[in-house]
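Along the sequence shown, residues carry numbers from 1. Every value quoted in this text rests on a predicted model; they were computed, and no experiment measured them. Values below: all heavy atoms of this structure, side chains included; hydrogens, waters and symmetry mates excluded.
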Amino acid sequence: LAQVWCTGGQQCVPSALLPHHPAAMAKSKNHTGHNQIYKNHRNGIKKTRRPKKMSMQGMNCKFVRNQAFAKRGMKCTQEEKEERLAAQKEAQKRMEEKKVQERAQRLKELQDEKDAAKLKAELKAVKKGK
């Protein structure tokens, strides 16, 4: 079926012979924000609530599982807590002592190297003097 176009008082011509003219113009407006602000503010714009607990979704399941066991292992009574604290302080004290000893050892080594270099320089000077 071919469309037939008729213009005011003229002879009708089939659409295949006429240059292409669409029946209506193309739609140019695709979107509008009219009334959206009003609608959004009707109930007020609220801040999102922060979750009390961080989501474990997407985390390494091996890590999550181990974390749960570790938390369970940390549960203890007040006496055990005090014992752990005392042991921790004692270990810290031992580490500090070890650090001091290592520092003293290192300083002694540096001094020995310095003395050896000085001796070597003196021997070199004496050999040149001969």
Side-chain angles (χ1 to χ4, degrees):
L1 289 167
Q3 275 188 336
V4 178
W5 292 86
C6 296
T7 53
Q10 293 180 357
Q11 187 179 351
C12 293
V13 182
S15 62
L17 301 177
L18 287 175
H20 179 68
H21 290 294
M25 286 183 65
K27 186 176 171 187
S28 62
K29 188 163 126 187
N30 294 319
H31 176 73
T32 178
H34 177 68
N35 205 36
Q36 299 308 309
I37 303 281
Y38 173 76
K39 281 165 45 179
N40 290 338
H41 285 81
R42 288 274 293 186
N43 297 317
I45 295 179
K46 300 173 183 80
K47 285 187 178 177
T48 57
R49 294 180 118 188
R50 296 200 61 179
K52 291 180 182 174
K53 251 174 129 178
M54 194 174 85
S55 171
M56 297 289 183
Q57 192 174 2
M59 273 193 190
N60 185 349
C61 57
K62 202 173 185 182
F63 167 77
V64 173
R65 188 174 157 82
N66 188 52
Q67 191 180 40
F69 288 125
K71 282 179 184 172
R72 236 172 277 152
M74 291 295 287
K75 287 184 182 175
C76 61
T77 62
Q78 190 64 33
E79 295 86 35
E80 287 175 333
K81 205 173 211 177
E82 288 169 6
E83 285 174 26
R84 284 181 182 181
L85 201 61
Q88 197 176 18
K89 285 185 178 179
E90 192 176 313
Q92 183 69 30
K93 205 178 285 182
R94 281 198 306 267
M95 283 298 294
E96 292 295 330
E97 290 171 4
K98 189 177 176 184
K99 226 182 212 180
V100 169
Q101 287 176 351
E102 286 176 356
R103 185 174 168 81
Q105 180 71 24
R106 180 75 179 133
L107 287 172
K108 187 178 177 226
E109 287 174 5
L110 287 171
Q111 189 62 39
D112 290 345
E113 285 177 17
K114 204 183 261 185
D115 292 342
K118 198 181 236 184
L119 248 161
K120 194 174 180 182
E122 286 177 9
L123 285 173
K124 216 176 198 182
V126 169
K127 281 185 179 179
K128 273 189 176 179
K130 281 188 178 180

Legend entry - Approximate separation, where rounding is to 0.5 Å, of Arg49 CZ and Lys46 NZ: 11.0 Å
Inset, instruction - Is it possible for you to say whether Val64 and Met54 belong to one hydrophobic cluster, with membership spreading through side-chain heavy-atom contacts below 4.5 Å? - result: yes
Inset, instruction - Taking only Lys NZ, Arg NE, NH1 and NH2, and the carboxylate oxygens of Asp or Glu, determine whether Lys118 and Glu122 approach each other closer than 4.0 Å. - result: no
Inset, instruction - Rounded to the nearest 0.5 Å, what's the gap from CD on Gln67 to CE on Met59? Could you check? - result: 6.5 Å
Legend entry - Close side-chain approach of Lys98 and Glu102, heavy atoms under 4.5 Å: yes
Legend entry - Pairing residues for Arg72 by the side chain to side chain contact (heavy atoms under 4.5 Å, CB included) criterion, not counting sequence neighbours: Ala68, Phe69
Inset, instruction - For side-chain contact (heavy atoms from CB on, under 4.5 Å), just list the numbers for Gln101 and Gln105, CA-CA rounded to whole Å, side-chain angles, deciding distance to a tenth of an Å, and then say yes or no. - result: CA-CA 6 Å; Gln101 287 176 351; Gln105 180 71 24; over 6 Å; no
Inset, instruction - Rounded to the nearest 0.5 Å, what's the gap from CG on Leu107 to CD on Glu109? Could you check? - result: 9.5 Å
Inset, instruction - Report yes if the side chains of Lys99 and Arg103 come closer than 4.5 Å at any heavy-atom pair, otherwise no. - result: no
Legend entry - Taking every non-hydrogen atom, the tightest pair across Ile45 and Asn40: CG1-O, 3.9 Å
Inset, instruction - Rounded to the nearest 0.5 Å, what's the gap from CD on Glu97 to CD on Gln92? Could you check? - result: 11.0 Å
Legend entry - OG1 on Thr77 to CD on Glu82, rounded to 0.5 Å: 8.5 Å
Inset, instruction - Only counting residues at least two apart or in another chain, list the ones meeting side chain to side chain contact (heavy atoms under 4.5 Å, CB included) with Glu83. - result: none
Inset, instruction - Check whether more than 12 heavy atoms from other residues, nucleotides or ligands sit under 6.0 Å from atom CD of Glu80, and answer yes or no. - result: yes
Legend entry - Partner residues of Glu79 under the salt bridge (Lys or Arg N to Asp or Glu O under 4.0 Å) criterion, sequence neighbours left out: none
Inset, instruction - Would you check, one step at a time, whether the test side-chain contact (heavy atoms from CB on, under 4.5 Å) holds for Lys108 with Asp112? - result: CA-CA 6 Å; Lys108 187 178 177 226; Asp112 290 345; 4.1 Å; yes
Inset, instruction - Check whether any side-chain heavy atom of Val100 lies under 4.5 Å from a side-chain heavy atom of Glu96, and answer yes or no. - result: no
Inset, instruction - Taking atom CZ of Arg84 as the centre, report whether more than 12 heavy atoms of other residues, nucleotides or ligands fall under 6.0 Å from it. - result: yes
